Amino acid sequence: MKNIKNILFFLLTIVMFSSCEPRVELDRGQWGNNSDLINVLLYVYEFDEHELQEFYDTGELTPSVRKVQRGTGVNIDDINHTASIDLPAAYSLVDDVVVIAVQHHGTLVEPLNGAPTMGLPADLTGGSYTYRIHSADGNYTDWVITVNQL
């Protein structure tokens with residue numbers, strides 16, 4: 001009797017798992033063209049030394065790095081596919097470690113024509129950079145992003 005129960009359980013398990021096929025195929029095109037730019041961000045890495053306060057006071061300083069958003073005045077033109085962002089005069093595109101990033105609904109941001117890679121420190125003194133934002137449905141839009149030093 002126990003063997004019959006085990007066999008029935010085994011057969012039922014096989015039937016259950018063989019019927020587990022996707023009910024809807026993955027169609028990336030169903031969402032439409034999402035290669036639009038939502039926001040442009042500029043970050044500056046700030047370096048400092050702090051005394052860590054955990055269990056005891058040693059007086060030793062520990063190097064620290066923090067990423068602080070410093071870009072202002074973002075202007076996005078959805079018709080011409082351009083965007084501009086300002087970096088306050090207190091920060092330098094040459095001396096400070098500046099990072100550019102974007103917010104989007106695409107699947108990939110591809111730098112074109114020597115544009116710096118998003119999210120990595122780069123020299124942004126060139127002013128304008130072209131990025132291609134790919135959509136899940138295969139479309140893409142080329143965006144020109146301009147960084148202005150105030």
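Along the sequence shown, residues are numbered consecutively beginning with 1. Since the model is a prediction, treat every value here as computed from it, not as a measurement.
- Aromatic ring orientation, His134 versus Tyr140: tilted (interplanar angle from 30° to 60°).
- Here Asp142 contributes atom CG and Thr130 contributes atom OG1; the two are 7.0 Å apart, rounded to the nearest 0.5 Å.
- A distance of 10.5 Å separates CD1 in Ile145 from CG in Leu124, rounded to the nearest 0.5 Å.
- Within the 4.5 Å cutoff, side-chain heavy atoms of Val44 are placed close to those of Leu87.
- Inter-residue side-chain proximity for Ile100 and Tyr131 is flagged as met; some heavy-atom pair is nearer than 4.5 Å.
- Between Pro111 and Pro116, the shortest heavy-atom distance links the atoms CB-O, 3.9 Å.
- A donor-acceptor pair is defined here as one N or O able to donate and one able to accept, closer than 3.5 Å; no such pair exists between the side chain of Gln149 and the backbone of Gly127.
- Atom NE2 of residue His104 and atom OG1 of residue Thr141 lie 12.0 Å apart, to the nearest 0.5 angstrom.
- In this structure, CD on Gln103 lies 6.5 Å from CD1 on Ile38, to the nearest 0.5 angstrom.
- Distance CG/Asp77 to CG/Leu37: 11.0 Å, rounded to 0.5 Å.
- Proximity of Asp36 to His105: side-chain heavy atoms (C-beta onward) are nowhere separated by under 4.5 Å.
- Note that CD1 of Ile85 is 7.0 Å distant from OG1 of Thr72, once rounded to the nearest 0.5 Å.
- Listed by chain and residue number, nothing satisfies the side-chain hydrogen bond (donor to acceptor under 3.5 Å, both in side chains) test with Asp78 (two or more places apart in sequence, or in another chain).
- In terms of heavy atoms, Arg70 sits closest to Tyr91 at NE-OH, 2.7 Å.
- A side-chain donor-acceptor contact under 3.5 Å links Ser64 to the backbone of Asp48.
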